[in-house]
Colleague: 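Attaching a single structure in structure tokens format; questions to follow.
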Amino acid sequence: MLFRQNLRVLALALPCLAVLTAEHMGVARADALPEGRSVAENVNARDDGQYVSRQLVMQLIDSGGSTRERTTRSFRTYDGEDKKIAIYFEQPRNVRDTAFLTFDYAEAGEQDDQWLYLPALRKVRRISGSDRGDYFMGTDFTYDDMKLDGKIAIGDYAFQSVGRDTADGIPCLLLEATPQTDSVAQELGYSRTVSCIDEEIWIARRTEYWDTQGNRLKTLHVRDIAQVSGIWTPQLLVMENHKTGHKTVFRISDVVYKDEMDRDVFSQAAIRRGL
Amino acid sequence: MRASDQPTILRRFFSAIAGRPLIVLLCGLAAIVFFGIQAADLEKDPRAEAFHPENHPAVIDRERLIETFGLKDPIIVAIYSEKPGGVFTQETLALVHDLSQRLAEVPGIDPERITSLATEKSISGDTYGLRVETFLPAPPQTPAAVMAVRDAVQATPSMLGRLVSEDHRVTLVVGELLMGADAEAAYWNVLALVENTETAGGETLHVAGPGAMLGYLGIYMDRDARTLAPFAALLVLFSLFLAHRSAIGVIVPTLVIAGSVAVTLGTMALMGANFYVITNALPVILIGIAVDDALHIFGEYRRRVGLGSEADTKDRVVQTMLAMCRPVTVTTLTTAAGCLALGFSSSIPPMREFGLYAALGIGVAWLVSLTAVPAVMALWFGRLAPSTSSQPVRRRSAAVAEAATTGLKQLVFRRGRSVVVVSAVWLLVGLVAATSLQVDEANIDNFQEDEPIVVADALINGHGIGSNYLDIMIEGSGEDALLRPEVLQYVDALQRYAESLPLVLQSVSYLDSLGQIDKALAEPGDEPNLVLGSEDRAAQYMLLYSMSGDPADLRTLVNNSYERANLRLYLGSGWFSKERALIATLEDYLAENPAPDEVLVTLSGIAVVHVSWVGMLFEGHLGSILASLVVVWLIATISFRSPLRGSLVMVPVIFAVLTVYAAMALAGVNLGVGTSMTAAIAIGLSIDFGVHLLHRIDERCRVHQPVLQTAVGEAIQDSGRAIFFGFLTGFLGFGVLVMSEVPGVVRFGSLVALSLAASFLASLVLLPSLILTIKSLGVRLLSTTHAGHSSAPSTQRQAGNEICSSVKTSAS
């Protein structure tokens, strides 16, 4: 008697289960996540201008709330595959006219060139290239973060789309990036990153970083994204270091994109001369 | 005298207990179970910071320092190399590189905060320009690469004495604990890493540092908790069995121990108190102290059985409790008073909690002794016939006790004056020795001398690398205040002066970073330290420096806005006396060389906190002892209703305290954290024996009206056994602490045990000798006895007085 009752329940339950499974699979098919690497390629394909000039205000805020603000005028251009960046300091007064120039060579293994002009010495000094995982000028951005400027080093990572989420209320795709090798992880200082990518404009609106031991390291929030000369341009970057409590805020304004630079700002003579 | 002759509240109370023993016992057991369950929630706290008094300026300054500069407890792996060339060999540098990478992988260690030759950067200038490079970017493959590393280290003064010893024998790989990391687990992991690291030969690895100490102390506490309490319980129960040769003689005190320990620990858990290194010893101490009351009660019951004066068991139990209620209460009050004096006079949280919770435990033991103990006796003796199986053993035991008390009485009666004279001489010796006691304390002193952590600390400090820190916080007003030339020059002079002091092995500040760049960028013919004369140059150098490291590199030295900086001094010793002398010297310097306008210089860090709280501890030490003595004397005086008799029972106490001080001075033991607690606890405990004896003399004199010598003799005879076993259990309880892993606890336990031995002897030998030898004392003692004792019937008091008069006559 009991066996029969169980059979009846089973007979009713199985078709329901089949329907539910089919529905679930159908939803999954409709919501299929794009392949991770193609997402990364889309991000890198985003137009960021041949040449850009912008005012960059760096706010460095330590765990105690103490803040240091530096105002700079920065320039970036592409020279073939190579990237050139010049940063001219305007504020505070005691570092005014200090300038930093870096040539980032695309060819693997070639060491970057860096020069610095210190007005107190009235000399341009060449400085040895920094490691990719080194922090940039006391900020929470690494040199690699700065050089990539929102792009992704595709050769360094394996990618996987892991879901969907929202960043500041905007729907986005979660892209997980894992270093290809341990040595890359050591070099970058990350064991994993998860970016929340806005598929409309192919910009990561939020990126989470984990250190080489899997501890939550930092979070980058990309906000105030607006079109300038038809190019989507983030104007507020906030990087929070969860381990140190240190925070860096980049405020970007006065952005000018051009196809060609109107004067040479990417030379030793230029950084000595100043703006 | 029958119980029914005393229609008092107390008699009704004890009658009720003896009448419903099961209910009383069930209530007691329920309380033990309830509090015992709560006790499981107790958490240990091995942090050195746990000893810091809350709201002390030095503690607040240090918290501000930690918050401002993100300082964390480091775990240090020291690599010692005996090879020619020291650590600058291919194999040893490869080991440094390997360990730096593997230490970063240890759970609980911040992988971004590894400091070693493999992570630190050198700044140098050459024809290329400015080079900012890691000293050891990869294991060196050639002797030339090794030499390059050595030269780079030699050219960076702040590395020598900080990461590499001047003699090149030792280099450090330093890891910092992640915020909230389990220090003990991290320490074990680092130890495992070191043990699993193969060296090429000629190198040894050692683990040290505040983070390691924290982990190590946690391990000590666990081991102590696992071994001490069970062992103490076993020893005490064994001595109880020796004392009574019966199951009931063990069950009764065990009940008291269980009640006292469970309620105390359960209350601690309910109050949110933690288990510190010191309070870790609390269960052991309670085991030793708690049984004392039960022993005396049980002894009195047996004596009454021997007399056969009471009609039935219940009556006998009630009579026993009526007789013992007062002395048991007095000894509880005096012992608890010693602990309370420690608790209320100490500003150190673990010591305060130790004193207060020890007093609670003693109070609970008293409550259990006055309720559950008579209940068990009523239940047990009311239903079971006395055992006869151990009668021969008891007879032997009684014979031994008889022989001992006879010998004791003869000593007191015949050599009483000699005892008094010898004791007086000993007291003088103790007094002189006490004045020569050395006051000193160090965190490393919490560990045994042969422990690897002590060996590592000695190795690191012995090779000129400081593993203890003193921080000097420099605060300016407004952004870039610390880059002003006059401030740069002031900090430079202060740093140079500090480095010239003998205890300071190395120092580091933001000026070192500036100096490195200044040196690297200098042109031939440039004056040294140009940076000290220009704010712009300093600001641009800081910007340049920030390009070479991560934000946290400078975070520990100067804040973002260059308003606050930390000048860290690496010290060769963490001993209080040396740190105090250094701080005094630095304070003198700061007084003679005031900081520029709007700049505040504060000595801070662990060394200052250490000197502050240990200083407070020692300054309050004498006050704490005097408070204990006064409170205990007051209780004794009120209890005996006589200042003279109150003073008499203090004699063994003072004898015990001075004996402890003399022993410390002779054994070269410093007055430290653990040992400073000894006197207050010893005062509370030591008085018990004298109180019991004097109470018995009083009672003998009052009830049976003997001459004084007979009263004293009978008192020794009656209470000597209970006093002996009370002493034995206490002695064993505290004596077990010598098995502790923590040397401070060992010293505390052995000194309290010694004080118990001294007061035991003084109570049974010196006190009666004093009473009998000094005639006037003897006479006044007895006259006050009768005048002041209201509980004795007036006719007996009168009779007693007459006997006392005859004693006075015979004595004179």
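Keep in mind that this is a model prediction, so the values were computed, not measured. Here is how names work: the chains are called A, B, and so on, in the same order as the sequence lines, proteins then strands, and each is numbered from 1.
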Colleague: Sort A:D211 into side chain, backbone, both or neither according to what part of it lies under 4.5 angstrom from a heavy atom of chain B.
Modeller: side chain
Colleague: Among the options B:T134, B:T68, B:D110, pick out the one with the most heavy-atom pairs lying under 4.5 Å from chain A.
Modeller: B:D110
Colleague: For the residue pair B:N566 and B:I472, establish whether any side-chain heavy-atom pair is separated by less than 4.5 Å.
Modeller: no
Colleague: Using non-hydrogen atoms and a 4.5 Å limit, figure out which bit of B:F69 sits close to chain A: side chain, backbone, both or neither.
Modeller: neither
Colleague: Under the side chain to side chain donor-acceptor pair (under 3.5 Å) rule, collect the residues that match up with B:Y510, sequence neighbours excluded.
Modeller: none
Colleague: Ion pair present between A:E176 and A:R192, side-chain N to carboxylate O less than 4.0 angstrom?
Modeller: yes
Colleague: What part of B:A104 is in contact with chain A, defined as an atom under 4.5 angstrom from a non-hydrogen atom: side chain, backbone, both or neither?
Modeller: backbone
Colleague: If you measure from the Lys or Arg side-chain nitrogens to the Asp or Glu carboxylate oxygens, is any gap between A:K84 and A:D79 under 4.0 Å?
Modeller: yes
Colleague: In terms of heavy-atom proximity below 4.5 Å to chain B, should A:T67 be classed as side chain, backbone, both, or neither?
Modeller: backbone
Colleague: Please flag which part of B:S561 lies under 4.5 Å from any non-hydrogen atom of chain A: side chain, backbone, both or neither.
Modeller: both
Colleague: How are the rings of A:Y209 and A:Y190 set relative to one another: parallel (under 30°), tilted (30 to 60°) or perpendicular (over 60°)?
Modeller: tilted
Colleague: Quick check on the interface: out of B:E563, B:E479, B:R64, who has the most heavy-atom pairs with chain A under 4.5 Å?
Modeller: B:E479
Colleague: Between A:L121, A:T142, A:I61, which has the largest tally of heavy atom pairs under 4.5 Å with chain B?
Modeller: A:L121
Colleague: Ring-plane angle category for A:F103 and A:Y105, please: parallel below 30°, perpendicular beyond 60°, tilted otherwise.
Modeller: perpendicular
Colleague: Need one label for A:L60: side chain, backbone, both or neither, based on atoms under 4.5 Å from any heavy atom in chain B.
Modeller: both
Colleague: Please determine, among A:K243, A:K123, A:R68, A:R70, the option with the most heavy-atom pairs under 4.5 Å with chain B.
Modeller: A:R68
Colleague: In chain order, what residues pass the salt bridge (Lys or Arg N to Asp or Glu O under 4.0 Å) check against A:R96, with sequence neighbours excluded?
Modeller: none
